[in-house]
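We use all heavy atoms of the structure for the numbers below, so side chains are in, but hydrogens, waters and symmetry mates are not. First the proteins, then the strands, lettered A, B, ... as listed; each starts at 1. Please read all numbers here as calculations on a predicted model, not as lab measurements.
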2 protein chains.
Amino acid sequence: MSSVSETREQNQSVNVAIDHRKGPRRRGDALYAAIFEATLDELTAVGYAELKMEHVASRARASKGSLYRRWSSRAELVADAVHHTIPGCGEAPDTGSVREDILGGLRGFAKLLNGPSGEAVRGLMAETIRDPDLMEVIRTRFVEPGVNVFLNVLRRGAVRGEVRPSALTTRIASVAPELLRQHFLAHRSPVPDQVLIEIVDEVIMPLVRM
Amino acid sequence: MSSVSETREQNQSVNVAIDHRKGPRRRGDALYAAIFEATLDELTAVGYAELKMEHVASRARASKGSLYRRWSSRAELVADAVHHTIPGCGEAPDTGSVREDILGGLRGFAKLLNGPSGEAVRGLMAETIRDPDLMEVIRTRFVEPGVNVFLNVLRRGAVRGEVRPSALTTRIASVAPELLRQHFLAHRSPVPDQVLIEIVDEVIMPLVRM
DNA sequence: TGCCATCGGAACGCCACGTGCTCTAGCCTG
DNA sequence: CAGGCTAGAGCACGTGGCGTTCCGATGGCA
């Protein structure tokens, strides 16, 4: 996380040694990895709105051409970078209590949203306005997996008799992540833990009780 | 310098008919109204993402300067135009039934979202990423009034014994509009009426029952 | 060793932004 | 009613990021 502007100045003015037409040059996976890393660094540094392809390239010590050869837009690059970085889409714990499971699942999502991935997701949500296709990608990668997490929690709760069987629907399983997402979009991160507790105790638990 | 004035002379001689420095010129409210109308027309024509200040000005037969003198950004212009156009922020009917009241309230919002205002709101949501101040404006103008609508419905229902008193919270009153908003953002409009019915029957009614 | 796909760097045209300038219409005052 | 003053229309400009293209260099591979 050293100073970006220094590096750029050197590139522009004097230091011939880092003209990488003459230096070591990466290809394939190594280059992909460097670009992903630079993308996340840039996300944390300036946020999605101010993320410029040129700066990502410069930070990755790559060329704009190399970026555009792989991704046709900023949104695709960021989506790939984030998806490549986060391990899975999270999984709720199995504590034997629906309340604890859902709260744990929400905390997992909140942790992602509060990090650089969150800044990315926020930006990607915005980008879906320009590009409806991207919305499909977002839904598939970030939204639907979340719903399944909570649906599984509810199923386990129903088996134990904690959850009324008629609550085992996609719509109800979507409520918790949707409220979280809505709060995340409508307020600046980080999402306070108190909000998660409120969602669980005021909404989800009364909603799924027998 | 002389070449510049030559060009200008040519432009003038060719385009005399549409040089509105000589035509009727509006001020004050008339100009505001024309700009708002042009903004909404442009919104329906090309959507928020492709809305350009230059095109709005041209459609309103106004100058960019007149726009920037009033609004410092596209987002402020659109927010003003929409807020100036919609009558109130909607009010739920009082049918004597919580289910019908909430459904009616949701249908009111959905009607707004499915029109040009919806395209505007969608775009403004995106813009809040660049401009956190704008988020405050959006919340004040479009979000919070909606919560109060549903809170009033729940209060009336509690008086009638339809709603448990502990459900009279801001958080619970927010659920319906938040789920609607989330659906609106995650899918292209128009929002199907079936979605509203599902929100009411699967989520809200079980949530607020005695 | 020689080939060639790929890389880094730089320059380019493009487009919208936001601003400044000039000329002019409409109102307001004396 | 005349003159002044405010504000609007139109145009041109500088700026900045986009996405492309070209060139020279490089590293993997036959």
Under 4.0 Å, counting only non-hydrogen atoms across every strand here, what does A:A57 touch: a base, just sugar-phosphate, or nothing?
nothing
May I ask you to evaluate whether B:S63 reaches the phosphate of D:dC11, defined as a side-chain N or O under 4.0 Å from OP1 or OP2?
no
Using a 3.5 Å cut-off and no angle test, enumerate the donor-acceptor pairs between side-chain atoms of residues 148-155 of chain B and protein atoms at least two apart in sequence or in another chain.
from, atom 1, to, atom 2, distance (Å)
B:N152, OD1, B:R155, NH1, 3.0
B:N152, ND2, B:N148, O, 3.3

B:E50 bridged to B:K52 by N-O distance under 4.0 Å:
yes
Parallel, tilted or perpendicular: ring planes of B:W71 versus B:F36, cut at 30 and 60 degrees:
tilted
Looking only at heavy atoms, the pair that brings A:P116 and A:T44 closest together is CB-CG2, 3.1 Å
From CD of B:E42 across to P of C:dA16 the rounded distance in Å is 11 Å
B:E50 CD to C:dA16 P: how many Å, rounded?
9 Å
Under the criterion side chain to side chain contact (heavy atoms under 4.5 Å, CB included), which of B:V98, B:V175, B:I172, B:V163 is the partner of B:I204?
B:V175
Quick one: A:L67 CG to C:dC7 P, roughly how many Å, whole number?
11 Å
Without swapping roles, check the side chain of B:D101 against the backbone of B:T95 for a donor-acceptor pair under 3.5 Å.
yes
Quick check with a 6.0 Å cut-off and a 45 degree axis cone: is B:R122 positioned over the face of B:Y48's six-membered ring?
no
Do the side-chain N and O atoms of B:S72 and B:E76 include a donor-acceptor pair separated by under 3.5 angstrom?
yes
B/S/- along nucleotides 1-6 of chain C (protein heavy atoms under 4.0 Å) is ----BB
Can you check the B:L77 CG to C:dC17 C1' distance for me, whole Å?
14 Å
Could you encode protein contacts along nucleotides 14-19 of chain D as a string, one character per nucleotide from 5' to 3', using B for base contact, S for sugar-phosphate-only contact and - for no contact, with a heavy-atom cut-off of under 4.0 Å?
---SSB
